[in-house]
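Excluded from the calculations below are hydrogen atoms, water molecules and symmetry mates; all remaining heavy atoms, backbone and side chain alike, are included. Heads up: numbering here begins at 1 and tracks the sequence.
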Amino acid sequence: MRLSTAQIFQQGISNILNQQAQLQKTQQQLASGLRVTTPADDPIAAVQILDLTEDLAQLDQFDRNGNLAEGQIALADTVLQDVTDVLQRVRELTVQANNATQTPETRRAIATEMEGRLDELVSLANTRDANGEFVFAGFQAQTQPFTRTGGAVVYNGDEGQRFLQVAPNTQLAVRDSGRAVFMDIPAGNGSFDIRASAGNAGTAIVDASSAAANYQRDTYTISFSQATPADPVTYSVTDSSAAVVASGPYESGANITFNGASVTFEGTPADGDSFAVPAAPRQDVFSSVQNIIDSLKSSTTGPAASAAVNNAMASGLGNLDQALGRMLEQQADLGVRLNRIDSLRESNDAFTLQLQETLSEVRDLDVTEAISRLNLQLVALQAAQQSYVRIQGLSLFNFL
C-alpha cells in the first residue's frame, strides 16, 4: 500500500505528539513523586489508593478523638483529685471535732471552715471544660449540674455517659454522670447505717460495725433497757416486723451480732435509748458534709450531748470514707481509660505505618526507573523529530 505525502506527515506528527505526551507524563510523575496521578494511569491501583486513603483518614480521626478523650479524662481526674483533697481535709476536721477536749464554740468554728469546704466541693462538681461544657452533667453539658436548694444540693443533669470512638471497634467514656460520681454513694459501712435516736440520754457511742457475707438486709432497731439503776443494761434487736432477732446483756466494747451484722458500742446507754440500723441508703457527698456541719453547729454541753456529737461524727466519718472510696474508684476507672487510650494509640500508630507503607508501594514513584524512562523518552522524541525533519526535507526535494 502506498502512503500519500499528507499521511506520512500526519504519521510523523502523531509520533512526535505521542512521544511528547509520554515525556510530559513522566515529568509530571517526577515532579509529584507519584506513579498514579489520575485513575487513568492505573485504574486498579487508583481504587486501592482510594481505600487506603480512607482508612488512613479514619485512623487520623481516631487519633484526634483519642487526644480529645485524653484531655477530657485528664480534666475529670484532676477535678476528682481536688475533691479527694477537700474530703480529706473535711475528714481531718471531723476527727478534730470528735475530740473530747472540744467545746461547742470550737466545734462551731470547725463547722465554719467545713462550710467553706462544702462550697468548694459544689464548685468543683460544677467544673467546666475549655469549651464551657460542664464535666459532670451527663448529656446535659450546657446545664449546671449542681445547685443549692433549701440547704440541699440538687443534681440537675442526667445519668448519661458520653463516648468517643478511639479505634475501629472501641468507644471510651469521656464524661461521667454527676449522679454516679457525687450522689449515689452508700452510707454507713456500705452494708448498713447506724443512727442514734434524737432523744437518747445515755453515753453509748458506736465504736465499730461490720457486715458478714450472710448479712440479711432489713431495717433493724437496737433498743436498750434497764428496769432499775441496780439492774444490768440489756439490749434487744428487732427487725422491720418488730420480731426480736437478738437480745442479751449489754457490755461496753462487746459485739452485738444479729443476722450477719456486728455492732460495738462504747459507753453506757440509758433506759429507752435506741439506734436505728437500716440497710445502707444512698447519700450524696454534699449531704454527708452538711450533716456533720449541722451536728457541730447544734452541739451543746453535757454527757448525753457529747455522746450525740460523737455518734454524729462517727456516722459522718463512715460516710466520708464511703465518699473517698467512690472518688478513688472513679479515679482508678479514669486511669484504666487513659491506659487504654495509650494502648490503642500504639496500635493505631502501628496500623497507620503499615497502611502508609502499602500506600507508598501502590502510589509512589520509583524515581530511578522514572529517570531512566525519561532519558529513553527524550532520545525517542529527538529521534522522532529528526525523522520528521528528514522526511519533510525529502518530500520537499522531490516536489522541487
Side-chain angles (χ1 to χ4, degrees), residues 90-102 107 185-227 229 231-240 242-283 288 291-292 295-296 299 302-325:
V90 172
R91 194 182 193 287
E92 292 172 3
L93 292 171
T94 303
V95 172
Q96 180 182 343
N98 202 29
N99 193 297
T101 62
Q102 299 291 342
R107 283 172 174 155
I185 302 174
N189 59 19
S191 297
F192 59 84
D193 196 11
I194 305 176
R195 302 171 183 175
S197 297
N200 284 358
T203 60
I205 301 170
V206 178
D207 182 59
S209 67
S210 62
N214 62 343
Y215 169 67
Q216 300 177 25
R217 295 175 62 86
D218 201 346
T219 298
Y220 300 96
T221 302
I222 304 176
S223 303
F224 298 95
S225 61
Q226 187 179 29
D231 292 330
V233 178
T234 61
Y235 70 87
S236 175
V237 182
T238 56
D239 60 18
S240 57
V244 176
V245 296
S247 62
Y250 168 75
E251 181 180 348
S252 178
N255 291 337
I256 296 176
T257 58
F258 53 93
N259 290 351
S262 176
V263 181
T264 304
F265 293 94
E266 294 285 349
T268 304
D271 181 48
D273 285 358
S274 65
F275 291 80
V277 188
R282 298 288 171 169
Q283 184 169 292
S288 297
N291 290 341
I292 297 173
S295 297
L296 292 178
S299 65
S306 296
V309 171
N310 293 147
N311 279 317
M313 295 304 100
S315 177
L317 286 172
N319 293 337
L320 288 175
D321 288 341
Q322 290 293 331
L324 285 167

Apply side chain to side chain donor-acceptor pair (under 3.5 Å) to D231 and list each qualifying residue two or more places apart in sequence or on a separate chain.
T228
Measure the CD1-CG distance between I185 and L324 for me, rounded to the nearest 0.5 Å.
9.0 Å
Heavy-atom closest contact (S288 atom, Q283 atom, distance):
OG-NE2, 2.8 Å
By side chain to side chain donor-acceptor pair (under 3.5 Å) - contacts of T94 (at least two apart)
none
Tell me the closest heavy-atom pair linking N311 and A204, and the distance in Å.
ND2-O, 3.0 Å
The criterion is side chain to side chain donor-acceptor pair (under 3.5 Å); which residues satisfy it with Q322, sequence neighbours excluded?
none
For A243, check side chain to side chain contact (heavy atoms under 4.5 Å, CB included) against everything at least two apart and list the hits.
D239, S241
Closest non-hydrogen contact found for R107 with N99 is NH2-O, 3.3 Å
Taking all non-hydrogen atoms of both residues, which atom of M313 and which atom of S295 are closest, and how far apart?
CE-CB, 3.9 Å
Listed once per pair and sorted, the salt bridge (Lys or Arg N to Asp or Glu O under 4.0 Å) pairs that draw on residues 304-324, sequence neighbours left out:
R91-D321
If you look only at pairs with a residue in residues 185-195, which of them pass as a side-chain hydrogen bond (donor to acceptor under 3.5 Å, both in side chains), with sequence neighbours excluded?
N189-S209, D193-R195
The reported gap from CG in L93 to CG in N98 (rounded to nearest 0.5 angstrom) is 12.5 Å
Just do the side-chain contact (heavy atoms from CB on, under 4.5 Å) check on S197 and N200 with the steps written out, would you?
CA-CA 6 Å; S197 297; N200 284 358; 3.4 Å; yes
Side-chain donor-acceptor pairs under 3.5 Å in residues 211-224, sequence neighbours left out?
residue: D218; atom: OD1; partner: S240; partner atom: OG; Å: 2.8
residue: D218; atom: OD2; partner: S240; partner atom: OG; Å: 3.3
residue: Y220; atom: OH; partner: Q216; partner atom: O; Å: 2.7
residue: Y220; atom: OH; partner: N259; partner atom: ND2; Å: 3.1

Minimum heavy-atom separation for F192 to A261, with atom names?
CE2-CB, 3.7 Å
Give every donor-acceptor pair under 3.5 Å between a side-chain atom in residues 263-273 and any protein atom, sequence neighbours left out.
residue: T264; atom: OG1; partner: N255; partner atom: OD1; Å: 2.5
residue: E266; atom: OE1; partner: S252; partner atom: OG; Å: 3.1
residue: D271; atom: OD1; partner: Q226; partner atom: N; Å: 2.8
residue: D273; atom: OD1; partner: A201; partner atom: N; Å: 2.9
residue: D273; atom: OD2; partner: G202; partner atom: N; Å: 2.8
residue: D273; atom: OD2; partner: A270; partner atom: N; Å: 2.8

Can you name the nearest heavy-atom pair linking T203 to P303, along with the distance?
CG2-CB, 3.8 Å
S315 (side chain) donor-acceptor with A312 (main chain) under 3.5 angstrom:
no
For the atom pair CZ (F258) and OG (S236), what is the distance rounded to the nearest 0.5 Å?
11.0 Å
Quick one: list whatever passes side chain to side chain donor-acceptor pair (under 3.5 Å) with N319, sequence neighbours left out.
none
